[in-house]
Structure formats: C-alpha cells, structure tokens
Protein chains: 2
Amino acid sequence: MTDRLLLEEFLPYRLVRASELVSRRFAARYREAYGISRPEWRTFAILGQLGRTTATEIGRQSTMHKTKVSRAVASLEERGWLSRRVDEADRRIEWLTLTATGSKVYAELAELARSFQQQLADDLGAEAAAALERGLAAVEARFSVSSG
Amino acid sequence: MTDRLLLEEFLPYRLVRASELVSRRFAARYREAYGISRPEWRTFAILGQLGRTTATEIGRQSTMHKTKVSRAVASLEERGWLSRRVDEADRRIEWLTLTATGSKVYAELAELARSFQQQLADDLGAEAAAALERGLAAVEARFSVSSG
DNA sequence: ACTAAACAGTTACACATGCAACTATCAACT
DNA sequence: AGTTGATAGTTGCATGTGTAACTGTTTAGT
C-alpha cells in the first residue's frame, strides 16, 4: 500500500474534473435560457462560427460521435435554427447553414458565452487563465485529430 | 455576423475537448487491460487511494452522480475487488474497502496511471505541464465542491 | 414518544448514447 | 458497364445515464 495513486496529482483526472465543473455551469446557463442540450450547443456553436459546414466536419472538430452530431442536427433543424442542402456535385454531402432565426439565437448565445468567458477569466485571474491556456494549447498540439 | 464566437479561444470548450482527448486515451488503456468502464475506474481509484470510504464521499470527490457511483460499486463488488460493511453506529452508511484481489489490481492500475502520467508530461514538456497544472489548480480553487 | 426533516443508498423509468449495420452516393480499377 | 471500396449520414438495438421516487435509518423539534 505504499504506492497509492494520488488523484489530486493525476493530470487526466484533474482535467476531467475541471472540465466538468466549468462546462456544467455553462451548460446550466444555455439550458435554462434556450432548453438545448450539450451536443446541440456544441453543434450549433461550430456551425455558427463556420457559417456553413457539414456534420462530418462538426464531428471532427468537436470530438463528438457522428450519431450524436446527426441527432443534434436533426433537433436543431426541427427548432428551425438551421437548414440543410444537399451538395450538387457530391450528393452524399449535406451543407448546413443557419436560418434567420438561427442567426438571431446564435448572436445571443455567443454573447452569453463571451460573458461567461469574461467572468471565468476574472475568477481565475489573468495569470492563471494564461497558464491554463498555455497548458491546453500543448494538449491540443499533442493530442489533436491527426495524432492517433 | 461580425461577432462570431471563436471556439478555439473559448475556455470551457477547450477544456472539454482537451479533457476528452486525454481521458479517452487513458480509458482505452485500462479498458483493454481490465475491461472496466470509466465510472468503475474512477470509483476504484478513489477507493484505492483512500483505503476505506463511502459511496457518498466518492460522489463528492469525483463529481459523479450518486446513481453512477452506486452502480459502479455494485459492479466492482461483483468482480470481487471491493467489499462493503455497514457502519455499526450509523446503519445508513456503508464502508467500502478493497479486497485482497482488489488491492493487487489496484497496484497494477496505479502503475498504469503513473506511466501514462509520465508519458503525458514528456509529451507536453515540463513547462507546458506546469502551466496546465497551475491553470487547473485555479479552476479547482474557484469551482470546487463548496462554491455553488 | 412522535412527527418531520435529513441523509445514505437503490431502483424504475424515460431518455441519451455508441456500436454495428444500413442506405445512398461517389471514386477507382478492371 | 460492373465490381470493389470508401465516404456522408441515418437508424435499430443494447447499454449507460439522470431524475424522481423509493426504502431504511438517523437526527431534531415538539
């Protein structure tokens, strides 16, 4: 029993916990305001940023499973926030764009996110926030899509 | 459309993605080696570290829902890795401890975690790893259990 | 002693999720 | 043209998960 694993020093564990603490709070905000789920928020945010993209691309960027994305897209379409259009040249591909309503909601959600980010940065303090960003950048660089 | 939210600069999103990238890889390791799920690993790791604890305490530390913990405990008991005993003074409480088998497996899993951690630190580099730890510490300090 | 509230833990049920298999389409090779 | 393999996306099914309701127990107030 001399060699216990100290979870408070174990990076993957700390990352998961920190991520849950933060994203849970943010999720509460947009859930209360718009009644959307996490996969929906993620899908919507990526589409809003890119303006026009595909479900596959959303899956790639978000690390969400393609069925998750597929269902989120279907749900957002039902809400009337996005619309699909089949690519003429390659009819397997569906291009997603925001509707007028979607654009309006997106602007509001983006503002909500920005204010949350600001609050978070204030809470953490400039130095700690910068350190966190540097650390995350390193993880992203080492672990992202390409590097299996 | 001038004010898109840039997800690559949005901390909650980056935190979630980084956490998923890292923990997914680590999960693949212990899943292949021992066939346990993430809630099982988390429960087991906390119990192993504390030596003797309760389901409620595990929930508190891990941010896992109590039903998740309850099921993980049941599953680990079936594997013969832990045993329960009702507290004499307060019979609502169940004390959890590792069995002999459980202790043996825990030692191996702890070693697996340590080697993963080492590998991760090497991949990130000392400086980035330290920055990440500082950032996470700040999040933990601001967002942990007590602070609503 | 009695009632109400609090707590540890489990379970029923509805919903979310991932895997595998599917449809539809395209590209490459014969 | 026909076959094979890859790709975009959806769906059936089994499993995982959270909410709420439950049991059993303790504590506090009356």
Side-chain angles (χ1 to χ4, degrees), chain A residues 16 19-21 23-25 27-28 30-32 35-44 46-47 50 52-79 82-97 145, chain B residues 16 19-21 23-25 27-28 30-32 35-44 46-47 50 52-79 82-97 145:
Chain A
V16 166
S19 136
E20 277 172 359
L21 288 170
S23 73
R24 219 170 265 175
R25 261 195 225 194
Y30 57 66
R31 199 158 41 78
E32 282 163 25
I36 57 175
S37 69
R38 245 168 86 173
E40 280 162 17
W41 150 258
R42 289 225 235 170
T43 297
F44 191 58
I46 292 174
L47 175 56
L50 300 180
R52 176 171 174 277
T53 188
T54 67
T56 299
E57 180 58 23
I58 291 173
R60 193 149 32 221
Q61 291 206 17
S62 64
T63 71
M64 284 193 291
H65 195 270
K66 64 177 178 172
T67 61
K68 221 177 196 173
V69 177
S70 172
R71 284 157 181 151
V73 167
S75 157
L76 292 169
E77 189 189 27
E78 272 182 36
R79 278 172 199 271
L82 66 78
S83 64
R84 325 187 191 205
R85 203 166 114 201
V86 175
D87 186 292
E88 293 295 329
D90 183 344
R91 306 191 17 189
R92 294 171 298 184
I93 299 173
E94 273 187 350
W95 289 104
L96 308 174
T97 51
V145 203
Chain B
V16 167
S19 137
E20 278 173 357
L21 288 169
S23 73
R24 218 170 264 175
R25 258 193 228 195
Y30 58 66
R31 198 159 42 79
E32 282 163 25
I36 56 174
S37 70
R38 246 169 83 175
E40 280 161 18
W41 150 257
R42 288 224 235 169
T43 297
F44 192 58
I46 291 173
L47 174 57
L50 300 180
R52 174 170 175 279
T53 188
T54 67
T56 298
E57 179 58 25
I58 292 172
R60 193 150 29 223
Q61 291 207 16
S62 64
T63 72
M64 285 193 291
H65 196 271
K66 64 177 179 173
T67 61
K68 222 177 194 174
V69 176
S70 172
R71 284 154 181 152
V73 167
S75 158
L76 291 168
E77 188 189 27
E78 272 182 35
R79 278 172 199 271
L82 66 78
S83 64
R84 326 186 192 205
R85 204 168 114 201
V86 175
D87 185 293
E88 294 295 330
D90 183 344
R91 303 188 20 185
R92 293 171 298 183
I93 299 173
E94 273 187 351
W95 289 104
L96 308 174
T97 51
V145 201

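In what follows, chains are A, B, ... by sequence order, proteins preceding strands, each numbered from 1.
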**Asked** Checking all strands, does B:A89 fall into the base, sugar-phosphate, or nothing category for heavy-atom contacts under 4.0 angstrom?
**Response** sugar-phosphate
**Request:** May I ask you to check whether over 12 heavy atoms, not counting those of B:R84, lie within 6.0 Å of atom CZ?
**Result:** yes
**Request:** Could you pull out the closest heavy-atom pair between A:V69 and A:A55, with the gap in Å?
**Result:** CG1-O, 3.6 Å
**Fill in**
Distance col, row A:W95:CH2 vs A:E57:CD, nearest 0.5 angstrom, shows 8.5 Å
**Complete:** Applying side chain to side chain contact (heavy atoms under 4.5 Å, CB included) to B:S62 and not counting sequence neighbours gives A:Y13, B:R42, B:I46, B:I58, B:M64
**nucleotides 9-19 of chain D: protein proximity per nucleotide (B base, S sugar-phosphate only, - neither; heavy atom, under 4.0 Å)** = BBBB----BBB
**Nucleotide interval of DNA chain C bounded by contacts with chain A (heavy-atom cut-off, under 4.0 Å)** = C:dT17 to C:dC26
**Shortest non-hydrogen separation from A:G35 to A:R79 and the atoms involved** = O-NH2, 3.1 Å
**Residues which pass side chain to side chain contact (heavy atoms under 4.5 Å, CB included) with B:A72, listed by chain and number, not counting sequence neighbours** = B:P39, B:E40, B:T43
**Request:** Name all residues meeting the side chain to side chain contact (heavy atoms under 4.5 Å, CB included) criterion together with B:R24; count only those two or more places apart in sequence or in a different chain, and write none if there are none.
**Result:** A:T63, B:E20
**Item:** Which residues share a side-chain hydrogen bond (donor to acceptor under 3.5 Å, both in side chains) with A:R92, sequence neighbours left out
**Value:** A:D90
